Amino acid sequence: MGEEMTEATGGIDFEDEDASGVIKKFMFVNRKAPYGTIYALEALEVVLISAAFDQDVSLAFLDDGVYQLVKGQHTKAIDVKNFSPTYRALEGYDIEKLYVEKESLEQRGLTEADLLVDVEVMSSADIAKMMAEQDVVISF
Amino acid sequence: MKFAIMVNEGVYQHQATDSAYQFAKAAIEKGHEVPRIFFYHDGVYNASRLTEPPADDRNIVSRWQKLAKEHNIDMVVCIAAAMRRGIKEENLAENFRISGLGQLVEAGIQADRLVVFGD
């Protein structure tokens, strides 16, 4: 190849663009139980980083993902860190849009009172509508 | 259109990495750009240069490397996810780089679409 090859570390078109000022709607969709797999914990790490980018961030909790927000998690017996207090800290990062799917709660015998943070409980249809309005949806 | 891609599953165990590769390749063939691919969760194993599949199987790691070299794709491995799983500079395959999650968010901001491959 005759062309000059930039290293992969050089970054491509992205580095030339000024991302400042662009505000996109990011939705992080949490679908899995908090323990058993690492998805929920690592999803939360992405959410926290996203706060530094001044984007319009929201979180949706559906399916077993609603268990991530359940009060009174005790993980000592499985020797895994209980990271549920971090959801309470999200407010301090200006992440305040937490949506929980009503059907997922009901199917699991849960109500809003079982959750450790203030959320907006929404129907599946309304969450779908909200998802359609996003610029970026990252699903965990 | 600019597509950023996120790969969330490991090699061979899961179809996600194959699908992500086929998607990236097809997008480029159609004239789109894939400026960045971000590897997260077990997806970081896509960047291990110690991978040695049987000779009659596809080589997922070198396939990524070839695509990245030919089309100047920035392949980024999440440092926190990588450290948990023992992927470090010393066993990182060429054409991948280790960096932070900010690179994923940045890709989401700058690309026209971010496509996630995983469970």
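Chain A is the first sequence line, chain B the second, and so forth, proteins listed ahead of strands; every chain is numbered from 1. Being a predicted model, the structure only gives us computed values, none of them experimental.
Transitive grouping of hydrophobic side chains (ILVMFWY, heavy atoms separated by less than 4.5 Å) brings Leu67(B) and Val77(B) into a common cluster. One hydrophobic cluster, built from ILVMFWY side chains closer than 4.5 Å, holds both Val57(A) and Phe140(A). In the hydrophobic cluster analysis, where Ile, Leu, Val, Met, Phe, Trp and Tyr join through side-chain heavy atoms closer than 4.5 angstrom, Ile138(A) is grouped together with Leu41(A). The hydrophobic clustering, which links ILVMFWY residues whose side-chain heavy atoms are closer than 4.5 Å, places Leu50(B) and Tyr45(B) apart. Grouping the Ile, Leu, Val, Met, Phe, Trp and Tyr side chains by contacts below 4.5 angstrom, directly or via other members, places Tyr87(A) with Val80(A).
The interface of residues 103-136 of chain A with chain B, defined by heavy-atom distances below 4.5 Å, comprises Val136(A). For residues 6-23 of chain B, a heavy-atom distance under 4.5 Å to chain A picks out Met6(B), Asn8(B), Glu9(B), given by residue number.
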Derivation of the side-chain contact (heavy atoms from CB on, under 4.5 Å) call for Phe26(A) and Ile109(B)
CA-CA 9 Å; Phe26(A) 274 73; Ile109(B) 296 169; 3.8 Å; yes
Step by step, would you call Leu114(B) with Lys24(A) a side-chain contact (heavy atoms from CB on, under 4.5 Å)? CA-CA 12 Å; Leu114(B) 173 66; Lys24(A) 283 195 174 181; over 6 Å; no
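Listed options Asp119(B), Val116(B), Asp112(B), Val76(B) were ranked by heavy-atom pairs under 4.5 angstrom with chain A; first place goes to Asp119(B).
Interface residue Leu104(B): only side-chain heavy atoms are found under 4.5 Å from chain A. Heavy-atom distances place both the backbone and the side chain of Tyr39(A) under 4.5 Å from chain B.
Atom NZ of Lys102(A) sits in a sparse spot, with 12 or fewer heavy atoms from other residues, nucleotides or ligands closer than 6.0 Å. Residue-environment remark: CE (Met83(B)) stays at or below the threshold of 12 foreign heavy atoms within 6.0 Å.
Among residues two or more places apart in sequence or in another chain, the ring pair (Phe, Tyr, Trp, His ring centres under 6.0 Å) test is passed with Tyr99(A) by none.
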Let me check something: any side-chain donor-acceptor pairs from residues 43-52 of chain A under 3.5 Å, sequence neighbours excluded? List them with distances.
from, atom 1, to, atom 2, distance (Å)
Glu45(A), OE2, Arg84(B), NH2, 2.7
Ser50(A), OG, Val47(A), O, 2.6

